[in-house]
Every structure is written in structure tokens, then in C-alpha cells.
Amino acid sequence: GCDPVNRLWYCDLKKLPDGIKGVLPWVKLVDNFDAEYEYVTNEGTVFTFKTNHDTPCYCLINIDFSDPDPSKWTTLIAEQQKDVLEWAGCVRENYLVLCYLHHVKHVLQLHDLATGAHLKTFPLEVGSIVGYSGQKKDTEIFYQFTSFLTPGIIYHCDLTKDGLEPRIFKEVTVKGFNPSDYKTVQIFYPSHDGTQIPMFIVHKKGIKLDKSHPAFLYGYGGFNISLTPSYSVSRLIFVRHLGGVLAIANIRGGGEYGESWHKGGMLENKQNCFNDFQCAAEVLIKEGYTTSKKLTINGGSNGGLLVGMLIYLCARVPWITVKLCGPQLLTCLFSSIFESSQIPKCMLNIILWSKEAVITDILPQLHFNGTSFSETI
């Protein structure tokens, strides 16, 4: 499925002097699907893995394959309380490059491979690392940065020089567009259960919060996917030429705060996604960014399910006017419901299979042609 888990097997090819013949003699170090183990590097028989074993925000551990009993595993870099370790790589033989997600913004760090000690945090604005190049044999790294207002900047850092200061290697600019004319802010608002939900808001500098602006609110909330800052021409056209306010709500179900955040918005907790998104819309109105008549919500795929349920909620809570629902699951499901009194077997399979949303617990509230969804099933 989509759970971040895997088994961990290994085979020492040095014990096969005649080459691979038949089934490999695997050592099944981890033979279950309780956690994720991602190889980072190794020094001889000591292997470093990124894992979420008992650490939902991930950590780095060392396993000595010459003595691999789990009781002998050691922590190289401990889990951070809220920062999610997204990936790690080894460079210049003895350095580790770590990319963390800190309140939905990427942080790039350099650590010592032998001790795990923190050596440097590379300077970054509010945005995302979307590309990286650097292998264990290399003495330099390249990484690509983007944000709501920055199409792309590639940085280069020579790890043999003092200070380890990165420089701009290549930058993409848009003629006629000045990022300094715009503002990106991040707010945290309470959902129905008091959980603080982060949301990015992008708009022109100097706007008045007088409820005069059209607003575009996007959400996803599923499959452990984090909505980090990204550059979108169409969204910036809306902000620049229509005076719009762009809002990205990082609701539960995503991976913004690790596996616990993901599980907080799936299965029996799916309602949290809808509550988080509804509260985001209410905050935009309350703070004066927009009004219900000027607010648009949007989502695709899993976000289409999100928007679809908010369409239903709007029938009772009219705080929104325009809804843009992406296709895939929800569009297929609702078209099947409203165009026929029976649900095709393929859609029933989707309903019963879905692991992110207990749809059979949500849709019984809906009625069509005088018949409830439960009665149709």
C-alpha cells in the first residue's frame, strides 16, 4: 500500500565466490512491515539507515551487519520532535547531508558521519528543496530551491573550502515579475479539536484586510504527502492580475509532521481533514482576506474527495461559493451515484478498498432520488 514501511533483507555476495546461482541466501534482518528502512551509506559492515521505527518523524540508525541483532542497533542522529527527516545522503566520504521539513519549510543541514554531530545549517528562505546532487565520492554538492515566488535557484557548495558557504550556480527569473512586490506568510489556526494547522498565504504587499479580495484555497490531506511551497504560474497570475489571495492549508492526512500527522487524517480520523479545511476557509474570512462570495476551494485526486465533502457541508454551512473539484476518485464516485440507482462493482471496490478514507462511514449522510447511500449499498 502507501504506508511508509518495508522489509530489510541483505546478502553478503563475498560469500558466493562462484557467483549467483539460484536463490540468494538472504539474511532476513527485518521480515515484517512495521517500519521503513532506507539505506543511506555504509562504512564496512556498519550500515546507516533512515527509519521511522518507533520514530514517526524519522531518525538515522547504524546497524553492524557483522552483529545485526536489533539490541545492538545504535542511533546516529536522533528523531526531532516536530521536524521530519525527509532524506539523507553521504558526501565527501565523511559528511551527511540531511533535509528536514520544519513547519512545512525545508531545512538543509550538514552532519559528521562518524558522530552524527551537526556541522552547519545552509541558509534558505521559506521554500522547498526539489533537487539534490552529491555522492559519497564527491567533494561538492548542488541543490535546487523553489518557493511560491521563486521559480528555481541551483546552489553549489564546495565542501573542501573553509566556511562551507554555498553560492548561486544558476537562477531562473521571470521577466517583468518582481518577487519583492509580494508577500508569503505562514499562519497557524486551530481546528475543531484545537490542533494547530499551518497555512501559507501569498498576496501582494500592502493589501488591506477589508474582505475585498478573491481567495483561492487549496488542500490535499492524504497519503503522507506534504504540500511544501512551490512555484505556480497560474496561481501567480491570479495573485498578480486579479488581486487574489492564495492559501495552501496543510491539513492532517499529509506528511507535514510525520506519520502521526498522516494517521491523524485517515480512516476513522478522516473527518479531521474536512474540519481542518473548513476552519482554514473560516479563518480567511474572519481575518478579512476575503468573503464567502469571493472564496474558491480546490483539490484534485484525494483533494477532490476533500472538496467534494466540503460541497456537501456547504449545503448546511454556506461559507463558500465556488468549488473546483479535481477528477479521479470523487468525480467517478459521485457521477456513478447520481447517474444511476446502482453503484458499479468497480466503484464498490474503490469504496471498500480505500485506506485513506473510510468512505462508507462518510457517504451514508448523502441522499439521492430519495434513497440513502447505505440503502443503495
Side-chain angles (χ1 to χ4, degrees), residues 83-84 86 99-108 122-132 143-155 166 168 170-189 196-209 213-221 225-251 254-257 261 276-277 279-281 283-285 287-290 294-301 303 306-307 322 324 326:
D83 295 357
V84 182
E86 290 207 331
C99 183
Y100 282 98
L101 190 61
H102 172 73
H103 290 308
V104 207
K105 304 176 289 289
H106 278 147
V107 175
L108 198 65
F122 294 100
L124 284 176
E125 297 180 357
V126 175
S128 308
I129 299 293
V130 293
Y132 171 80
Y143 53 94
Q144 183 179 357
F145 170 85
T146 190
S147 71
F148 292 114
L149 304 175
T150 305
I153 302 176
I154 297 177
Y155 290 96
I168 295 179
K170 186 176 181 61
E171 181 175 6
V172 178
T173 59
V174 178
K175 185 178 180 179
F177 177 74
N178 185 0
S180 64
D181 293 337
Y182 303 85
K183 183 178 183 180
T184 299
V185 297
Q186 186 183 40
I187 67 171
F188 294 82
Y189 64 90
Q196 292 294 308
I197 311 298
M199 177 165 62
F200 288 109
I201 302 175
V202 183
H203 56 76
K204 287 183 178 179
K205 287 183 178 179
I207 67 170
K208 294 182 179 180
L209 300 184
H213 313 286
F216 184 92
L217 173 62
Y218 181 82
Y220 187 77
I225 294 174
S226 304
L227 297 183
T228 61
S230 61
Y231 189 84
S232 168
V233 173
S234 59
R235 290 174 178 176
L236 284 178
I237 289 175
F238 169 70
V239 173
R240 180 180 184 183
H241 296 288
L242 300 178
V245 173
L246 169 66
I248 308 293
N250 299 108
I251 62 177
E256 285 83 352
Y257 292 101
W261 194 257
D276 295 353
F277 201 59
C279 288
V283 166
L284 292 173
I285 296 171
E287 296 299 322
Y289 286 101
T290 191
K294 296 181 178 181
L295 176 60
T296 296
I297 60 174
N298 174 234
S301 189
L306 170 70
V307 172
V322 183
L324 300 177

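- For F122, the side-chain contact (heavy atoms from CB on, under 4.5 Å) partners at least two apart in sequence or on another chain are L108, L110, K120, I141, Y143, C157, P166.
- At distances below 3.5 Å, at least one donor-acceptor pair connects side-chain atoms of T290 with backbone N or O atoms of H213.
- Here CD1 of I153 is found 9.5 Å from CD of Q144. Values are rounded to the nearest 0.5 Å.
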Checklist entry - Which is it for L101 and S226 under the side-chain contact (heavy atoms from CB on, under 4.5 Å) test, yes or no, and what are the steps along the way? => result CA-CA 9 Å; L101 190 61; S226 304; 3.6 Å; yes
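- Atom CG of N298 sits about 8.5 Å away from atom CD1 of I248, to the nearest 0.5 Å.
- Looking at heavy atoms from C-beta onward, Y231 lies in side-chain contact with V174 at the 4.5 angstrom threshold.
- Looking at residues two or more places apart in sequence or on another chain, you find a ring-ring contact (aromatic ring centres under 6.0 Å, His included) between Y182 and F177.
- Listed for the S128 side chain is a donor-acceptor partner under 3.5 Å among the backbone atoms of P229.
- Here the rule is side-chain hydrogen bond (donor to acceptor under 3.5 Å, both in side chains) with N250, and of E256, Q186, H103 only E256 fits it.
- The distance from the CD1 atom of I168 to the CZ atom of F145 is 10.5 Å, given to the nearest 0.5 Å.
- The side-chain contact (heavy atoms from CB on, under 4.5 Å) search around P214 returns F238, not counting sequence neighbours.
- No donor-acceptor pair under 3.5 Å is formed between the side chain of Y257 and the backbone N or O of V104.
- Side-chain contact between L236 and F148 is absent, with no heavy atoms from C-beta onward closer than 4.5 Å.
- Remark: the backbone N or O of G243 is not paired with any side-chain donor or acceptor of K204 at under 3.5 angstrom.
- G299 approaches Y218 most closely through the heavy-atom pair CA-CE1, 3.8 Å.
- In this structure, the side-chain contact (heavy atoms from CB on, under 4.5 Å) partners of H102, at least two apart in sequence or on a different chain, are D83, V107.
- The shortest side-chain heavy-atom distance between L227 and F200 does not fall under the 4.5 Å cut-off.
- Of all the heavy atoms in G255 and V84, the pair that sits closest is O-CG2, 4.0 Å.
- Nearest heavy-atom pair, M199 versus A247, reported as atom, atom and distance to 0.1 Å: SD-CB, 4.0 Å.
- Residue-environment remark: CD (E171) exceeds the threshold of 12 foreign heavy atoms within 6.0 Å.
- For the side-chain hydrogen bond (donor to acceptor under 3.5 Å, both in side chains) condition, the pairs that include at least one residue of residues 145-155, sequence neighbours left out, are S147-T150.
- Annotation: side chain of I129 is in contact with side chain of L124 (closest heavy-atom distance under 4.5 Å).
- The minimum heavy-atom distance between P198 and W261, with the atom names listed, is CD-CZ2, 4.1 Å.
- Residues satisfying the side-chain contact (heavy atoms from CB on, under 4.5 Å) test with H203, not counting sequence neighbours, are K183, I201, I207, V245, Y289.
- Interatomic distance, CD1 of I251 versus OH of Y220, reported as 10.5 Å (0.5 Å rounding).
- The CG atom of L284 sits 14.0 Å away from the NZ atom of K294 when rounded to the nearest 0.5 Å.
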